[in-house]
S.K.: 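Below is a structure I'd like to ask you about.
All of these numbers come straight from a predicted model, not from anything done at the bench. When reading the values below, keep in mind they use all heavy atoms of this one structure, side chains included, and skip hydrogens, waters and symmetry mates.
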Amino acid sequence: MSTIPPNLLDYQRRALAMRESSYIDFPAHVHLETMARCNAACNFCPYSSLERKGAKMDDSLIEKIVNDLKDIPRLHRFQLSPFKVNEPFLDTRIFDLLTYLQSELPHATITLTTNGSLINERIVERLTQFPNLGFPILVTCGLASTITAQTNTRQR
């Protein structure tokens, strides 16, 4: 008869505890592709082969999704990324959307990933207005450390 190794027992205990917690009932991360448009050609991204290029999510669908996400208890923090296979700053609604998400889902940490090509001083300044925007904003090019430093400095 073999005994169960302690690390496996610990794993099983943690897995059972997670099943009994409210965290299993709600997502930890939600991606929301507001539009399928990008100005880059990254070799790791499937954008070039997308059939839905240029498609834009209707505001009514965004509102419905946000209303559904309001069912997540406020004590349950989660991550919300209003992009998927797109450049978020090509969506002219991005700052209105960030304002809406911040007001309707204050328990969500909003994250953005960008290729960085559209980021300028004005955008960095506007981003500092969103306290639940997770930093650093991921940039898929060499600008990440500069943008993060500028934005973090402005937030203080």
S.K.: CG/Leu32 to CG/Leu97 distance, rounded to the nearest 0.5 angstrom?
M.R.: 6.5 Å
S.K.: Tell me every residue that passes side chain to side chain contact (heavy atoms under 4.5 Å, CB included) with Ala40, counting only those two or more places apart in sequence or in another chain.
M.R.: Cys38, Cys42, Asn115
S.K.: For the NZ atom of Lys56 and the CG atom of Leu90, what is their distance to the nearest 0.5 Å?
M.R.: 12.0 Å
S.K.: Supply the atom-to-atom distance Lys84 NZ to Met57 CE, rounded to the nearest 0.5 angstrom.
M.R.: 12.0 Å
S.K.: For Asp10, enumerate each residue passing the salt bridge (charged side-chain N to carboxylate O under 4.0 Å, His left out) test, keeping only those at least two apart in sequence or located in another chain.
M.R.: Arg14
S.K.: Hey, are the side chains of Asp59 and Glu63 touching, using non-hydrogen atoms and a 4.5 Å cut-off?
M.R.: no
S.K.: Apply side-chain hydrogen bond (donor to acceptor under 3.5 Å, both in side chains) to Thr111 and list each qualifying residue two or more places apart in sequence or on a separate chain.
M.R.: Gln79, Ser81
S.K.: Going by side chain to side chain contact (heavy atoms under 4.5 Å, CB included), name the residues that satisfy it together with Leu16, two or more places apart in sequence or in a different chain.
M.R.: Arg19
S.K.: Heavy-atom count around Arg37 CZ within 6.0 Å, excluding the residue itself: above 12?
M.R.: no
S.K.: Write down the atom of Pro106, the atom of Arg77, and the distance for their closest heavy-atom approach.
M.R.: O-NH1, 3.6 Å
S.K.: Under the rule for side chain to side chain contact (heavy atoms under 4.5 Å, CB included), what residues qualify as partners of Arg13, not counting sequence neighbours?
M.R.: Leu9
S.K.: Can you list, by chain and residue number, the hydrophobic cluster partners of Leu50 when the side-chain cut-off is 4.5 Å?
M.R.: Tyr47, Val85
S.K.: Considering residues at least two apart in sequence or located in another chain, which fulfil the side-chain hydrogen bond (donor to acceptor under 3.5 Å, both in side chains) criterion with Asn43?
M.R.: none
S.K.: For Asn7, check side-chain hydrogen bond (donor to acceptor under 3.5 Å, both in side chains) against everything at least two apart and list the hits.
M.R.: none
S.K.: Leu80 and side-chain contact (heavy atoms from CB on, under 4.5 Å): which partner among Leu105, Thr109, Asn132?
M.R.: Leu105
S.K.: Does any non-hydrogen side-chain atom of Phe83 lie less than 4.5 Å from one of His31?
M.R.: yes
S.K.: Quick check: closest heavy atoms across Arg93 and Thr34, and the distance to 0.1 Å?
M.R.: NH2-O, 2.9 Å
S.K.: Verify, without hydrogens or angle tests, whether His76 (side chain) and Ala28 (backbone) share a donor-acceptor contact under 3.5 angstrom.
M.R.: no
S.K.: Using 0.5 Å steps for rounding, measure from the CG atom of Leu133 to the CG atom of Leu101.
M.R.: 10.0 Å
S.K.: Could you tell me which residues satisfy ring-ring contact (aromatic ring centres under 6.0 Å, His included) with His107, sequence neighbours excluded, listed by chain and number?
M.R.: Phe78
S.K.: Within the 4.5 Å heavy-atom criterion, are Ile62 and Pro82 side-chain neighbours or not?
M.R.: no
S.K.: So, using side chain to side chain contact (heavy atoms under 4.5 Å, CB included) as the criterion, who are the partners of Phe95 when residues are at least two apart?
M.R.: Phe89, Leu98, Ile123, Arg126, Leu127, Phe130
S.K.: Can you name the side-chain hydrogen bond (donor to acceptor under 3.5 Å, both in side chains) partners of Asn67, sequence neighbours left out?
M.R.: Lys70
S.K.: Taking all heavy atoms of Arg52 and all of Ala36, pick out the closest pair and write down the distance.
M.R.: O-CB, 3.3 Å
S.K.: May I ask whether Leu61 and Met35 are part of the same hydrophobic cluster, defined by side-chain heavy atoms of I, L, V, M, F, W, Y residues being less than 4.5 angstrom apart, directly or through others?
M.R.: no
S.K.: Under the rule for salt bridge (charged side-chain N to carboxylate O under 4.0 Å, His left out), what residues qualify as partners of Glu87, not counting sequence neighbours?
M.R.: none
